[in-house]
Amino acid sequence: MPFALPPPAPRAVTRRALLAAAVALPALASGRGPVRLRFSHVVAPDTPKGRMALHFQALVHERAGDRLRVEVHPDSQLWGDDDEIEALRLGAVEMLAPSLSKFGMAGVPEFEVFDLPYLFSEAAQVRRVTEGPVGQALLRRLERQQVLGLGFLDNGLKHMSAQRPLRRVADFAGLRVRVQASRVIEAQWRALGAQPVVLPFAETRRALASGVVNATENPLSNFLTQGLASVQPQLTLTGHGYLGYAVVTNPRFWASLPMADQRLLTDALRAALAQGNRWAAELDRDALLALQRQTGVAVHQPSEAERDGLRRALRGVSQMVERGPQGQWLKDVRAALLAK
């Protein structure tokens with residue numbers, strides 16, 4: 001019998017309302033009252049992304065007074081994984097911070113290089129890419145899809161949770177793993193003998209509790225704040241991938257702002273992202289300590305031999321990307337990692 005999620009609660013905002021918001025876009029910065037900037041994201045307020053968004057809000061309000069008002073909508077309250085980029089394009093929201101994986105399926109496959117397994121061993125390595133010419137070139141590629149890229153934010157390395165430890169290749173056989181929509185991520189789990197199941201982040205816990213999926217990958221802060229330990233008591237510190245975000249806006253909204261406001265928002269976001277990256281590292285350490293102390297949670301550390309086994313099994317995924325349209329981007333990323 002096929003597995004199926006219970007039907008989601010109906011959204012309060014219809015597609016017609018979304019289109020109406022897009023038509024009203026030019027009035028946002030017309031000078032009639034404060035300019036409203038809706039910042040929607042899909043995770044909890046106490047995650048790196050959630051805290052960064054609130055810090056950005058505070059900085060803007062401090063510097064702009066009543067001229068610019070930032071509204072932060074966490075936990076998919078406004079838009080979710082499956083519709084947030086469309087909402088941004090149509091003008092129903094002004095700012096998002098989707099995971100980098102999201103952009104590959106949204107028409108910018110170059111971003112899929114960030115999904116490669118074992119490409120990065122720490123977030124500091126990622127910033128050598130995102131803060132340099134490669135990262136800026138990737139942000140510019142988003143303009144082809146009516147999205148304006150403003151900056152990058154870390155979350156951290158991803159680890160595995162399930163009902164059993166996942167230390168060796170054989171442990172993954174037959175698992176149904178919740179994943180983001182990414183061709184690279186899906187290929188990764190098939191290479192390990194698991195079945196990838198694409199689901200929005202907001203539905204992950206419910207899907208795990210009901211048995212629709214029986215494993216998932218997350219940074220530690222997401223695992224902790226979403227309460228996944230109650231349905232996934234076995235956490236394995238595989239560190240096999242990276243999860244980060246790109247903060248983006250609607251280019252028409254941005255162009256409608258005076259240059260002074262663009263500079264103010266850019267400066268506030270730069271400061272918020274720097275602080276957010278510091279919080280990401282702190283929250284990752286704190287989450288690990290909390291999970292190690294949490295009753296009913298078993299935290300497993302694979303040996304180097306076990307990690308090498310996983311790397312060998314996943315080597316074909318990197319080779320697939322090297323041969324594809326992202327091959328040159330992968331070369332550029334690797335060059336940035338080697339540069340001093």
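Applying the side-chain hydrogen bond (donor to acceptor under 3.5 Å, both in side chains) definition to pairs two or more places apart or across chains, none involves residues 288-298.
M105 and V179 end up in different hydrophobic clusters when Ile, Leu, Val, Met, Phe, Trp and Tyr side chains are linked at under 4.5 Å. Side-chain heavy atoms closer than 4.5 Å link hydrophobic residues (I, L, V, M, F, W, Y) into clusters, and following such links, even through other members, never connects V43 to L283. Residues L119 and M320 share a single hydrophobic cluster, defined by chaining ILVMFWY side chains whose heavy atoms lie under 4.5 Å apart. Both V70 and M95 sit in one connected hydrophobic cluster of ILVMFWY residues. Membership requires side-chain heavy atoms under 4.5 Å apart, directly or through other members.
Looking only at side-chain heavy atoms (C-beta outward), F120 and V333 come within less than 4.5 Å of each other. Contact check for V42 versus D75: no side-chain heavy atoms found under the 4.5 Å cut-off.
A donor and an acceptor atom, one from each side chain of D115 and S101, are located under 3.5 Å apart. For S161 and Q234, the side-chain atoms include no donor-acceptor pair closer than 3.5 Å. Remark: the D154 side chain and the Y242 side chain contain an N/O donor-acceptor pair separated by less than 3.5 Å. There is a side-chain donor-acceptor pair under 3.5 Å between S221 and N155.
Considering H41, M52, K49, K102 in turn, K49 is the only one that fulfils the side-chain contact (heavy atoms from CB on, under 4.5 Å) rule with Y245.
For V248 against V147, the heavy-atom pair with the smallest separation is CB-CG1, 3.4 Å. Taking all atoms of both residues into account, the shortest heavy-atom contact from R67 to L264 is NH2-CD1, 3.7 Å. Closest approach of L142 to G149, counting heavy atoms only: CD1-CA, 4.0 Å. Residues S318 and L330 share a closest heavy-atom pair of O-CD2, 4.2 Å. Scanning both residues, D66 and R69, for their nearest heavy atoms gives OD1-NH1, 3.9 Å.
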Problem - Stepwise side chain to side chain donor-acceptor pair (under 3.5 Å) test for E112 and Q326 - result: CA-CA 8 Å; E112 291 182 342; Q326 311 98 321; 2.7 Å; yes

Exercise for the section: Verify side-chain contact (heavy atoms from CB on, under 4.5 Å) between R38 and R36, making sure each step is shown before the conclusion. Expected result: CA-CA 6 Å; R38 293 162 292 184; R36 181 173 61 147; 3.5 Å; yes

Problem - Pair E94-W254, side-chain contact (heavy atoms from CB on, under 4.5 Å): steps then yes or no - result: CA-CA 9 Å; E94 287 72 51; W254 192 258; over 6 Å; no

Handout entry: Verdict with supporting geometry, R183 and Q188, side chain to side chain donor-acceptor pair (under 3.5 Å)
Key = CA-CA 9 Å; R183 287 162 291 213; Q188 170 183 299; over 6 Å; no

Practice task
Check the pair E84 / R89 against salt bridge (Lys or Arg N to Asp or Glu O under 4.0 Å), numbers first and verdict last.
Solution key: CA-CA 9 Å; E84 62 177 1; R89 288 168 175 157; over 6 Å; no

Problem - Residue pair R263, T266: steps toward the side-chain contact (heavy atoms from CB on, under 4.5 Å) verdict - result: CA-CA 5 Å; R263 286 194 296 270; T266 298; 5.6 Å; no

Exercise for the section: Determine, step by step, whether R278 and E282 satisfy the salt bridge (Lys or Arg N to Asp or Glu O under 4.0 Å) criterion, reporting the C-alpha distance in whole Å, the side-chain angles of both residues, the deciding distance to 0.1 Å, and the verdict. Expected result: CA-CA 6 Å; R278 289 190 288 270; E282 293 170 7; over 6 Å; no

Exercise for the section: For the pair R128 and Q125, evaluate side chain to side chain donor-acceptor pair (under 3.5 Å) and give the outcome as yes or no after the intermediate values. Expected result: CA-CA 5 Å; R128 293 171 70 176; Q125 285 186 326; over 6 Å; no

Practice task
Check the pair L243, L100 against side-chain contact (heavy atoms from CB on, under 4.5 Å), reporting the backbone distance first and the verdict last.
Solution key: CA-CA 7 Å; L243 178 64; L100 300 177; over 6 Å; no

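Of the possible donor and acceptor atoms, one in the side chain of R307 sits under 3.5 Å from a partner among the backbone N and O of T238.
Ring geometry for Y118 versus H240: interplanar angle over 60°, hence perpendicular rather than tilted (30 to 60°). Taking the six-membered ring where tryptophan is involved, the planes of F39 and F56 are perpendicular, since the angle between them exceeds 60° and thus also 30°.
With rounding to the nearest 0.5 Å, the separation of CZ in R167 from CD in Q301 is 8.0 Å.
Annotation: side chain to side chain donor-acceptor pair (under 3.5 Å) contacts of T47 (sequence neighbours excluded): none.
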